[in-house]
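Here the structure comes first, spelled out in structure tokens, and everything after it is commentary.
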Amino acid sequence: MSQTFTPISTLGEFGLIQRMSDRLADIPRSAALIEGIGDDAAVYRAGENTLHVITTDALIEGVHFDRTFIPMSFLGYKAISVNVSDVVAMNARPMYATISLGIPRNMSVEMLDSLYDGLRLGCKKYGMELVGGDTSTSHALYISITVVGEVAERDVVFRRGANVGDFLCVTGDVGGAYAGLKVLLDQRQALKDLGDSYEPDLEAHQYVIQRQLRPTARLDMIEAFKKAGIRPTSMIDISDGIASEIHHIAQRSGVGATVRIPALPFDPETRAVADQFMDDIDAYALFGGEDYELLFTVDPSQVDKVDALEGCSVIGNIEEATKGIRAYSPDTGLMPLHPAGYQHFDPGDDNLDVLGPDNFELPKSKNDSE
Ligand code: ADP
Ligand code: MG
């Protein structure tokens, strides 16, 4: 009998994770485990009133980054930041990290020094320690980091806590990381077309490039929440774009939501890039991803505190699940909002009657520029 093989792309990234999760389902569950697969980090009891969180994220050359774009020190900092971002999304503080490195033969000791400078800066920035790891040779540079964090039991926030009537909020500004990627892809193309005579013009785009290459996790914002007495009912970090993240919150919480497009916060430099490329800036925020801001919900009784907090915007409402996930703008009215941000093993979608990335010209991955 011949064995059949199913292409992974038929499942998509999230379908694949669900399938792998199902295959682990009969492992006896420890009484200390509070949240397993399905949130930004897993959560388990560490003490009477203390929980620990644990999360892993990898950055892989050719998938997540292009070595010609990103200085090694930025890459080290980013690898720490993307992991801390998942810890922060649980309202927790990072404590310890371990790293697994796959190093290709064409890397030098100096490049590794620089990578570790970035890792060190990241650890110092977030007040954490890198306490171990694993090193091997590899075909492409591979950096996987695991972070353990800590949170008081009363402070932990899951994706699953949003309630109908809550307000949907976001920290900082969004779409900038995607704008940075656009600029970098454009400069790479120009370099290719014009050869060595071309001098990259990156001065005007420093903010968005830094948003792409050297993002910072919003540990400062969860500290600000605490000070202001804000306790989000649910939270997720924005790695794949607001459209994708709001679907995760809604699915885990059993609710629907409306995102108010005119309320999305943009930096002027992000606007300038969108204008330059004649792109719809809203798509950068909804489907671009990698902003590593926090998307969260609060009870209506707390919305004044969010309004008063600098660097926070109210961008929508949590509604009944039957309403689905929608986007509102004065131009289009209410429209269903497609979940797709950047998905590994993209299953594709041919439904064009929704606001989704197919309505915009966005490259699906960083290596799509050719
Ligand atoms: P994030 O974008 O916040 O890092 P992901 O979408 O990568 O979250 O993962 C969603 C959930 O699935 C997380 O709980 C993560 O730990 C889990 N997960 C991802 N990949 C795997 C895997 N290969 N095996 C088991 N769990 C996984
Ligand atoms: Mg996350």
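We're numbering straight along the sequence, starting at 1. Numbering of ligands and ligand atoms starts at 1, following listing order.
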Next item on the list: Say whether Ser21 and ligand 1 are in contact under the criterion: heavy-atom distance to a ligand atom below 4.0 Å.
Entry: no
Item checked: Heteroatom of Asp237 nearest to the Mg ion (ligand 2) (N, O or S, atom name) -> OD1
Notebook entry, point to check: Could you go step by step and tell me if Lys78 and Glu290 meet the salt bridge (Lys or Arg N to Asp or Glu O under 4.0 Å) rule?
Noted result: CA-CA 10 Å; Lys78 182 169 181 174; Glu290 291 201 285; 3.1 Å; yes
Check: Within a strict 4.5 Å, meaning less than it, do heavy atoms of the Asp40 and Thr55 side chains meet?
Finding: no
Next item on the list: In sequence, state the C-alpha distance, the side-chain angles, and the governing distance for Lys305 and Asp307, and then conclude on salt bridge (Lys or Arg N to Asp or Glu O under 4.0 Å).
Entry: CA-CA 5 Å; Lys305 287 184 189 167; Asp307 267 332; over 6 Å; no
Next item on the list: Below 4.0 angstrom from a heavy atom of Asp86, which ligand 1 atoms are there? Numbered from 1 as shown, please.
Entry: 1 (P), 3 (O), 4 (O)
Check: With a cut-off of 4.0 Å, which atoms of ligand 1 are near a heavy atom of Ser239?
Finding: 2 (O)
Margin query: For Arg29, I'd like to know if atom CZ has over 12 heavy atoms of other residues, nucleotides or ligands within 6.0 Å.
Written below: yes
Note to self: Using 0.5 Å steps for rounding, measure from the NE2 atom of His205 to the CG atom of Asp186.
What the structure shows: 8.0 Å
Next item on the list: Give yes if a backbone or side-chain nitrogen or oxygen of Asp240 is under 3.5 Å from a nitrogen or oxygen of ligand 1, and no if not.
Entry: no
Notebook entry, point to check: Measuring to the Mg ion (ligand 2), does Glu245 have an N/O/S atom at a distance below 2.8 Å?
Noted result: no
Check: Which protein non-hydrogen atom lies closest to atom 16 (O) of ligand 1, naming both residue and atom, and how far is it?
Finding: Asp39 O, 4.7 Å
Next item on the list: For Asp155 and Ala152, indicate whether the former's side chain and the latter's backbone hold a donor-acceptor pair under 3.5 Å.
Entry: no
Next item on the list: Could you tell me which atoms of ligand 1, counted from 1 in the order shown, lie closer than 4.0 angstrom to a heavy atom of Met20?
Entry: 22 (C), 23 (N)
Margin query: Using a 3.5 Å cut-off on N or O atoms only, is Gly38 in polar contact with ligand 1?
Written below: yes
Note to self: Taking only non-hydrogen atoms of Arg159, do any sit less than 4.0 angstrom from ligand 1?
What the structure shows: yes
Check: Is it true that atom OH of Tyr44 has more than 12 heavy atoms of other residues, nucleotides or ligands lying nearer than 6.0 Å?
Finding: yes
Next item on the list: For Glu319 and Val255, work out which heavy atoms get closest and say how close.
Entry: O-CB, 3.5 Å
Checklist line | In one Ile/Leu/Val/Met/Phe/Trp/Tyr side-chain cluster, 4.5 Å: Met111, Phe74 | finding: yes
Next item on the list: Output the list of atoms in ligand 1 that are nearer than 4.0 Å to some heavy atom of Phe14, sorted by atom number.
Entry: 6 (O)
Item checked: Shortest reach to atom 12 (O) of ligand 1 by a heavy atom, considering only Asp237, Ile17, Asp57 -> Ile17
Check: So, is Asp40 polar-close to ligand 1, with some N/O to N/O distance under 3.5 Å?
Finding: yes
Note to self: Tell me which N, O or S atom from Asp40 is the closest to the Mg ion (ligand 2).
What the structure shows: OD1
Item checked: Taking atom 7 (O) of ligand 1 as the reference point, the nearest protein heavy atom with its distance -> Glu13 OE2, 4.4 Å
Checklist line | Salt-bridge contact Arg45-Glu153 (side-chain N to carboxylate O under 4.0 Å) | finding: yes
Check: How are the rings of Phe296 and Phe225 set relative to one another: parallel (under 30°), tilted (30 to 60°) or perpendicular (over 60°)?
Finding: tilted
Note to self: Among the N, O or S atoms of Asp86, which one sits nearest to the Mg ion (ligand 2)?
What the structure shows: OD1
Margin query: Which of the numbered atoms in ligand 1 are under 4.0 angstrom from any heavy atom belonging to Ile37?
Written below: 12 (O), 14 (O), 17 (C), 25 (C), 26 (N)
